[in-house]
Amino acid sequence: MPARPLVPAAGPPPAGAEEARAEQARLAPLVRTDPLDPDRVGLVAGLDVTYAPGDDRLVAAAVVLDAGTLEVVESATAVARPAFPYVPGLFAFREVPPLLDAIGRLRTAPDVFVCDGFGLAHPRRFGLACHLGVLLDRPALGVGKSPFVGSAEPPGERRGSWSPLVDGGDVVGRALRTRDGVKPVYVSVGHRIDLDGATGLVLRLAPSYRLPEPIRRADRLSRDVLRGL
DNA sequence: GCGACAG
DNA sequence: ATCTTGTCGC
């Protein structure tokens, strides 16, 4: 028998918001928070999607990097049309299908998936990073550029400082300073990783810029491919 | 009821 | 997300 494929077969998209929320409720209990040592991570995949200004085309990119050297090992892209509108809280239904498409074209199996968005820092505790992580059943984390839910005190000005992101009494993530004096990023657990592990890994992946290198690479690649269409 | 709301 | 140049600061 063949091994379980890295990427599961895509089902039909939800017919509407109600159906999408039901899907989230069904999958959310599957999220696991496991300790993960950032220093034991070998390969990471950065994920991002770029949208065409005029028409409804989009490009999803997955770029695999060596977590130690931050060198690109491999990358893949997928061109698609969004199968779901943008609705805050249902973001994953828009981006997960094309991202799975791109991930399915990789020949390596990354240890951790780094998503442009949130995981548990979500109104129903099931953001993009949780959704993708659960479908793949692989470790995943989310990095957002602005807070989505909850609030956090400004972390210290030095790189590495962080403060808890709290929503409804839950710690759902961290505001993390990746560069001295620069606006923090917001880190949250996606799946099979804990908040300490996610924080440590993001710091390791962002030695010189605000955003982790895997996300920067995926962002650049998806833009470049879209420009060439 | 009103405003806010990842990308 | 996307439409967009130069400019200030390290």
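Just so it is clear: chains get the letters A, B, ... in the order the sequence lines come, proteins before strands, and each one is counted from 1. Quantities reported herein were computed from a predicted structural model and do not represent experimental measurements.
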Enquirer: For A:Gly89, which contact category applies under a 4.0 Å heavy-atom criterion: base, sugar-phosphate, or nothing?
Expert: base
Enquirer: Side chains of A:Pro8 and A:Leu136, heavy atoms from C-beta outward: is any pair under 4.5 Å?
Expert: yes
Enquirer: Between B:dA6, B:dG7, C:dT2, which one does the side chain of A:Phe118 approach most closely?
Expert: B:dA6
Enquirer: Does OP1 or OP2 of B:dA6 have a side-chain N or O of A:Lys145 closer than 4.0 Å?
Expert: no
Enquirer: Measure from the side chain of A:Arg223, starting at C-beta and using heavy atoms only, and say which of C:dT2, B:dG7, B:dC5 lies closest.
Expert: C:dT2
Enquirer: For a side-chain hydrogen bond (donor to acceptor under 3.5 Å, both in side chains) with A:Arg192, tell me which candidate from A:Asp111, A:Asp137, A:Thr33 qualifies.
Expert: A:Asp137
Enquirer: Is the terminal nitrogen or CZ of A:Arg216 (NZ for Lys, CZ for Arg) located under 6.0 angstrom from the six-membered ring centre of A:Tyr209 and within 45° of that ring's axis?
Expert: yes
Enquirer: Ring centres under 6.0 Å, that's the criterion: do A:Phe93 and A:His131 meet it?
Expert: yes
Enquirer: Whole-Å distance between B:dG7 P and A:Tyr86 OH?
Expert: 7 Å
Enquirer: Determine: side-chain N/O of A:Ser146 to OP1/OP2 of B:dG7, distance under 4.0 Å, yes or no.
Expert: yes
Enquirer: Would you classify A:Phe148 as touching base, sugar-phosphate or nothing, given that sugar-phosphate means primed atoms plus P, OP1 and OP2, and contacts are heavy atoms under 4.0 Å?
Expert: base
Enquirer: Centroid distance below 5.5 Å plus an interplanar angle below 30 degrees: do A:Phe91 and B:dA6 meet both conditions?
Expert: no
